[in-house]
S.K.: 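One structure is given below, represented as structure tokens, and several questions about it will come after.
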Amino acid sequence: MGKIKQSDIDKEVSECFRIAVYIRLSKADERNVQKESGSISMQRSLIREYIASHFGACQITEYQDDGFSGTNFNRPGVQRLLQDARNEKIDCVIVKDFSRFGRDYMEVGSYLEQIFPFLGIRFISINDHYDSAGCQGSMFDLDMNFKNLLYDLYSKDLSQKVKTSLQARKRSGQYVSANAPFGYEKAPGDRHMLVICEDEAVVVREIFALALQGMTSSQTAKKLNLENVPAPIEFKIRKGKTSRKPKGDRFYWSNSTICSILRNPVYAGDVEYGKTEREQVGSGNVLKARADWKIIRNHHAPIIAREDFEKVQKSRRKSHRKRKMRENRHPLIGRVVCGCCKHSLQIKERLNPYFTCHNRYVTGLEGCVSKVNAMFLEQAVLFRLEEYLEEQNLEAEVFNRHKDDMKMKRDGFLQEMKRAEREYGRLNQEHYKRYQLYSLGQQAEFCSLHTEIEQQREIIRDLQEQVIQMDEQIDKAESEKFVSGEDSLLLSEAMERYVDEIVVFDEAKIEIKWKACFIGQ
């Protein structure tokens with residue numbers, strides 16, 4: 001296996017050479033070091049010494065991920081590094097070893113063999129004696145890939161062991177969540193057991209008492225806010241468990257917080273677990289069906305009597321109304337915020353829809369948005385957006401992008417239609433074949449595919465209609481200005497690309513914050 005000769009490589013590095021130092025510490029690593037910063041400082045020291053001995057004057061930028069798994073690349077530090085790499089701000093990446101950069105051997109290999117070489121970026125792994133500027137020969141690549149495979153297998157094996165251990169602890173009755181729910185704290189001598197935190201439990205009892213009296217979650221939140229009852233996060237801050245700043249002037253109770261407390265069986269002494277599952281290492285958790293959840297009854301001392309908890313659940317089930325998802329989501333939803341409390345505005349579906357700040361019902365703040373007509377707000381934003389795009393000479397870009405998207409969708413419908421037509425032909429042939437066998441006496445009964453054929457024919461008709469509609473939209477777009485008040489899809493796409501936030505005080509005062517990356521272009 002070839003060794004790397006640095007003498008002829010590193011001494012030629014110019015003063016403008018830009019080095020990215022990447023450091024990562026996972027939660028599993030934290031348990032193996034006495035201090036959280038121990039592994040981080042060790043990696044930093046090792047890499048800095050390497051740079052000092054192998055490079056001359058250079059620009060060093062550090063990227064760090066603290067407490068993140070290496071099984072995927074959804075880490076803020078590594079994402080910043082990759083973004084800077086794409087923007088040509090980096091000439092070289094240095095890590096302690098491959099496992100710090102990532103444990104997915106396929107993805108790590110893709111960066112080392114394809115992406116970084118294409119971008120002209122040198123990659124150095126100190127402990128693995130790997131330098132992309134000096135490695136030659138398939139044996140070295142084979143050794144590197146084998147190491148990455150071992151890191152990947154180790155990570156998957158570790159993940160399975162941790163998962164099995166956690167499941168065993170939960171089945172045995174141990175409370176394994178990192179944080180205790182509001183109203184409880186970890187027992188001083190046993191961090192796997194919950195004990196009542198009396199100052200918080202007083203608030204929990206009041207919330208359930210108000211619910212039993214018939215108060216809604218919004219009314220309860222407003223009452224607590226007017227009485228200046230500290231929100232759950234404030235209790236943690238006062239006890240030194242966290243540090244955060246409120247969005248506005250203070251932390252407020254919200255109806256969602258009240259709802260989460262009222263439906264949590266932990267207050268009746270029970271613990272639910274097994275709610276989610278992870279399909280593979282590095283993927284997100286997926287919520288399982290409620291019937292598959294596990295529950296431990298009488299796990300700890302209850303704050304609320306079980307019969308009172310059940311009464312609250314029964315009353316909430318009666319008053320619960322299912323909301324139907326709208327087919328066409330309003331393009332302003334999720335982008336408009338209240339100018340007073342900075343919380344997102346909600347839309348009220350009426351004959352004349354309007355946006356309102358639901359927070360005003362729970363905070364009692366008079367300055368929160370009461371009512372802003374949705375159509376007026378949409379037209380006002382559209383007008384400002386058109387002005388902005390015209391000033392920035394971006395109209396053509398938005399219009400062309402929109403047309404390209406519509407053409408891609410049309411092509412997608414055509415591809416689906418071709419597949420559906422092939423399936424329709426296959427079903428017809430199978431139907432005819434079954435009929436022939438039946439008529440020749442080789443089949444006891446004729447199994448008709450008439451229903452499947454009709455369903456496939458309906459699918460083809462729907463796809464044909466969608467292609468026609470898309471053609472009409474493309475023709476309409478060709479003959480009109482880049483946006484139209486009726487084209488909410490284009491409005492939504494343009495806002496997604498250029499609008500950061502829409503701050504609404506009232507119909508007379510609306511502020512639009514544009515995304516910084518486009519200002520001044």
Side-chain angles (χ1 to χ4, degrees), residues 72-74 79 82-83 86 104 106-107 109-111 113-115 118-119 277-287 324-335 385 389 394-436 447-499 515:
N72 61 54
F73 280 76
N74 296 326
Q79 285 300 317
L82 297 176
Q83 182 62 44
R86 287 188 287 268
D104 185 328
M106 292 290 287
E107 197 158 6
S110 176
Y111 278 102
E113 297 173 11
Q114 298 174 3
I115 298 174
F118 175 76
L119 296 173
E277 62 182 351
R278 185 172 295 178
E279 294 181 356
Q280 59 184 10
V281 177
S283 65
N285 289 324
V286 179
L287 188 66
K324 294 182 180 179
M325 293 294 291
R326 297 177 62 208
E327 250 182 36
N328 298 314
R329 194 168 182 262
H330 196 283
L332 296 181
I333 292 175
R335 294 186 175 92
L385 179 61
L389 295 177
L394 294 169
E395 283 184 299
E397 178 187 337
V398 176
F399 185 44
N400 291 331
R401 183 184 295 274
H402 182 56
K403 285 197 299 183
D404 289 343
D405 287 343
M406 287 194 294
K407 288 176 180 177
M408 284 180 63
K409 288 178 183 177
R410 179 185 180 278
D411 291 342
F413 289 143
L414 285 173
Q415 290 294 328
E416 288 182 40
M417 194 164 68
K418 288 178 181 178
R419 286 194 291 268
E421 287 172 344
R422 285 197 296 269
E423 178 64 13
Y424 178 74
R426 187 194 66 79
L427 288 171
N428 270 315
Q429 288 182 356
E430 179 65 22
H431 183 80
Y432 180 67
K433 188 186 298 182
R434 289 185 181 186
Y435 178 76
Q436 281 187 316
C447 300
S448 175
L449 291 174
H450 179 73
T451 302
E452 290 87 341
I453 291 171
E454 282 301 313
Q455 288 175 347
Q456 202 64 28
R457 186 181 293 160
E458 186 65 29
I459 291 171
I460 293 170
R461 280 197 292 264
D462 289 342
L463 288 168
Q464 287 173 335
E465 183 63 30
Q466 287 177 310
V467 170
I468 293 169
Q469 289 177 1
M470 196 58 64
D471 282 335
E472 289 175 353
Q473 289 184 34
I474 293 171
D475 291 341
K476 182 180 178 182
E478 293 284 359
S479 60
E480 293 186 354
K481 194 179 177 182
F482 94 101
V483 271
S484 160
E486 298 176 356
D487 199 344
S488 60
L489 175 62
L490 180 52
L491 173 62
S492 180
E493 290 174 355
M495 286 198 300
E496 180 71 30
R497 184 165 176 79
Y498 303 104
V499 177
K515 290 191 175 179

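Because the structure is predicted, anything quoted here is derived from the model rather than measured.
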S.K.: Taking all non-hydrogen atoms of both residues into account, name the closest pair between E452 and L427 and its distance.
M.R.: O-CD1, 3.8 Å
S.K.: Test side chain to side chain contact (heavy atoms under 4.5 Å, CB included) on R461 and R457 and set out the steps.
M.R.: CA-CA 6 Å; R461 280 197 292 264; R457 186 181 293 160; 3.4 Å; yes
S.K.: Roughly how far, to the nearest 0.5 Å, is the CD1 atom of I460 from the CD atom of Q455?
M.R.: 12.5 Å
S.K.: If you round to the nearest 0.5 Å, how far is CG of L414 from CD of Q466?
M.R.: 11.0 Å
S.K.: Rounded to the nearest 0.5 Å, how far does CD1 of I468 lie from CZ of R410?
M.R.: 10.5 Å
S.K.: Find out whether Y111 and L82 are in side-chain contact, i.e. whether some heavy atom of one side chain is under 4.5 Å from a heavy atom of the other.
M.R.: yes
S.K.: Check this for me, if you would: do K418 and E421 make a salt bridge, where the nitrogen-to-carboxylate-oxygen distance has to be below 4.0 angstrom?
M.R.: no
S.K.: What distance do E423 atom CD and I459 atom CD1 have between them, rounded to the nearest 0.5 Å?
M.R.: 8.5 Å
